[in-house]
Asks: 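One structure coming up, written as structure tokens, with questions to follow.
A quick note: this is a predicted structure, and the numbers were derived from the prediction, not measured.
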Amino acid sequence: MMANDPLTEGPDPNSKLVGWAQGLYGSASQHDIGLIMALSFGFVDGDYSRSSVSVLGRNSAASRVREMSVVGGTRVFRLARGYAVAETYWLNVLTGDAIVHYNVTVVHY
């Protein structure tokens with residue numbers, strides 16, 4: 001699956017757009033809902049405009065909270081390292097639509 005989803009300041013889909021989550025994910029488990037995810041959080045506003053943070057890792061989608069690695073970035077976030085904690089805020093199990101809160105800790109140069 002491909003992702004091209006808005007990044008907003010808050011969980012309300014009408015809150016301010018700060019960027020886009022773009023990337024891909026696919027099934028990576030035979031025993032649970034485990035995805036392998038590669039996402040780029042690209043920012044379009046403010047001090048981080050045109051910068052991005054790249055996240056890679058296993059996303060145990062059935063867990064309410066999960067953690068993935070920050071593996072790099074561009075512009076302001078060059079050589080970024082860190083981690084992203086994802087927490088499901090809202091999920092529609094029929095459509096697969098979700099609102100997910102990401103708390104990302106980044107060390108960069």
Side-chain angles (χ1 to χ4, degrees):
M1 300 293 292
M2 301 301 292
N4 184 29
D5 299 324
L7 290 176
T8 58
E9 283 187 337
D12 182 343
N14 296 316
S15 61
K16 182 180 176 186
L17 179 76
V18 296
W20 295 91
Q22 298 172 317
L24 53 94
Y25 59 94
S27 182
S29 178
Q30 295 180 7
H31 307 291
D32 61 1
I33 303 172
L35 306 173
I36 184 73
M37 254 174 49
L39 284 179
S40 178
F41 297 138
F43 300 97
V44 297
D45 192 30
D47 294 339
Y48 306 120
S49 182
R50 299 176 49 213
S51 299
S52 67
V53 173
S54 298
V55 174
L56 174 69
R58 187 175 192 280
N59 183 343
S60 300
S63 299
R64 191 175 67 81
V65 178
R66 52 255 183 227
E67 184 175 312
M68 288 153 280
S69 301
V70 170
V71 297
T74 63
R75 296 183 58 94
V76 173
F77 299 111
R78 287 182 185 139
L79 301 173
R81 295 291 180 263
Y83 61 96
V85 176
E87 183 173 358
T88 302
Y89 179 82
W90 174 83
L91 173 65
N92 181 327
V93 294
L94 297 177
T95 64
D97 291 338
I99 296 175
V100 179
H101 175 261
Y102 283 88
N103 186 0
V104 182
T105 300
V106 176
V107 177
H108 62 95
Y109 300 94

Asks: Does Tyr83 have more than 12 heavy atoms from other residues, nucleotides or ligands lying within 6.0 Å of its OH?
Replies: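 For Tyr83, atom OH is not crowded (no more than 12 foreign heavy atoms under 6.0 Å).
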Asks: Closest heavy-atom contact between Thr74 and Ser52?
Replies: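 So the two residues come closest at OG1-OG, 2.8 Å.
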Asks: Check Val53 against Val70 and note the closest heavy-atom contact, atom names and distance.
Replies: CG1-CG1, 3.6 Å
Asks: Taking all atoms of both residues into account, what is the closest heavy-atom pair of Pro11 and Ile99, and its distance?
Replies: O-CD1, 3.4 Å
Asks: How would you list, by chain and number, every residue that makes a salt bridge (Lys or Arg N to Asp or Glu O under 4.0 Å) with Asp45, sequence neighbours excluded?
Replies: Lys16
Asks: So which atom in Ser51 and which in Arg75 form the shortest heavy-atom distance, rounded to 0.1 Å?
Replies: OG-CB, 3.2 Å
Asks: Apply ring pair (Phe, Tyr, Trp, His ring centres under 6.0 Å) to Tyr25 and list each qualifying residue two or more places apart in sequence or on a separate chain.
Replies: none
Asks: Mind checking whether Phe41 and Val44 sit in one hydrophobic cluster, side chains of I, L, V, M, F, W, Y counted as touching below 4.5 Å?
Replies: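 Shared cluster, no.
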Asks: According to a hydrophobic-cluster definition based on side-chain heavy atoms being under 4.5 Å apart (Ile, Leu, Val, Met, Phe, Trp, Tyr only), do Trp20 and Val104 belong together?
Replies: no
Asks: Can you confirm whether Ile33 is buried at CD1, in the sense that more than 12 heavy atoms of other residues, nucleotides or ligands lie under 6.0 Å from that atom?
Replies: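 No, the 6.0 Å shell around CD1 holds no more than 12 heavy atoms from other groups.
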Asks: Would you please name every residue forming a ring pair (Phe, Tyr, Trp, His ring centres under 6.0 Å) with His108, sequence neighbours left out?
Replies: Phe77
Asks: For residues Ile36 and Ala28, report the shortest heavy-atom separation together with the two atoms involved.
Replies: N-CB, 3.8 Å
